[in-house]
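Contents: one structure, followed by commentary.
As a basis for the values below, the full set of heavy atoms in this structure was taken, side chains included, without hydrogen atoms, waters or symmetry mates.
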Amino acid sequence: QVPLVESGGGSVQAGGSLRLSCTTSESIYRGACMGWLRQAPGKEREGVAAIYTNGGSTYYTDSVKGRFTISQDSANNTIYLEMDSLKPEDTAVYYCAADVQRCHDRWSLQLEYNYRGRGTQVTVSS
């Protein structure tokens, strides 16, 4: 059983919006650093955004600041990634990921080396 289940990917034109969702178990969600990684064709996987589920502190990679918003629904063990002003360079497979401890400065590495979902495709056309 996959511990993290993503939904909400799809295709959109540049300037459009999409919202990704990720649901997990309470045992993973509680007090975790959860977030999103993405991997574009021919590129390394990178951290996009993270949230500490106990307190709500958020973290973003520079290229998405001001355009993407990560949030959570604690009642449903779910996090969201609201993506606005999408660009063709945002095209990638987006993976939900989690580490069962608080987020640290190197949050993208925390997400890379712990729980990860199967991914959902986001395609932005120009």
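The disulfide (SG to SG under 2.5 Å) contacts involving residues 62-102 comprise C22-C96, where partners must be two or more places apart or lie in separate chains. Judged as a salt bridge (charged side-chain N to carboxylate O under 4.0 Å, His left out), not a single pair has a partner in residues 94-109 (not counting sequence neighbours). Every pair passing salt bridge (charged side-chain N to carboxylate O under 4.0 Å, His left out) that includes a residue from residues 78-98 is listed here, sequence neighbours excluded: R38-D90, R67-D90. Among residues at least two apart or in separate chains, disulfide (SG to SG under 2.5 Å) pairs with a member in residues 25-86 are C33-C103.
With sequence neighbours excluded, no residue forms a side-chain hydrogen bond (donor to acceptor under 3.5 Å, both in side chains) with T58. With sequence neighbours excluded, the residues that form a side-chain hydrogen bond (donor to acceptor under 3.5 Å, both in side chains) with S74 are Y29. Under the salt bridge (Lys or Arg N to Asp or Glu O under 4.0 Å) criterion, R19 pairs with no residue at all, not counting sequence neighbours. By the salt bridge (Lys or Arg N to Asp or Glu O under 4.0 Å) test, E44 pairs with no residue at all, sequence neighbours left out. With sequence neighbours excluded, the residues satisfying side-chain hydrogen bond (donor to acceptor under 3.5 Å, both in side chains) with N76 are D73. Qualifying salt bridge (Lys or Arg N to Asp or Glu O under 4.0 Å) partners for K65, counting only residues two or more places apart in sequence or in other chains: D62. Applying the side-chain hydrogen bond (donor to acceptor under 3.5 Å, both in side chains) criterion to Y52, with sequence neighbours excluded, gives no partner residue.
Between the OG1 atom of T91 and the NZ atom of K43 there is a distance of 10.0 Å, given to the nearest 0.5 Å. W36 contributes atom CH2, which lies 4.5 Å from atom CG of L20 (distance to the nearest 0.5 angstrom).
With a 4.5 Å cut-off on side-chain heavy atoms, Y115 and V100 count as touching. In this structure the side chain of W107 never reaches within 4.5 angstrom of the side chain of I51, judged on heavy atoms.
Counting all heavy atoms, side chain and backbone alike, S17 lies closest to S85 at OG-N, 4.4 Å.
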Could you give the side-chain donor-acceptor pairs of residues 119-126 under 3.5 Å, partners two or more places apart or in another chain?
residue : atom : partner : partner atom : Å
T120    : OG1  : G9      : N            : 3.3
Q121    : NE2  : A92     : O            : 3.4
Q121    : NE2  : T123    : OG1          : 3.3

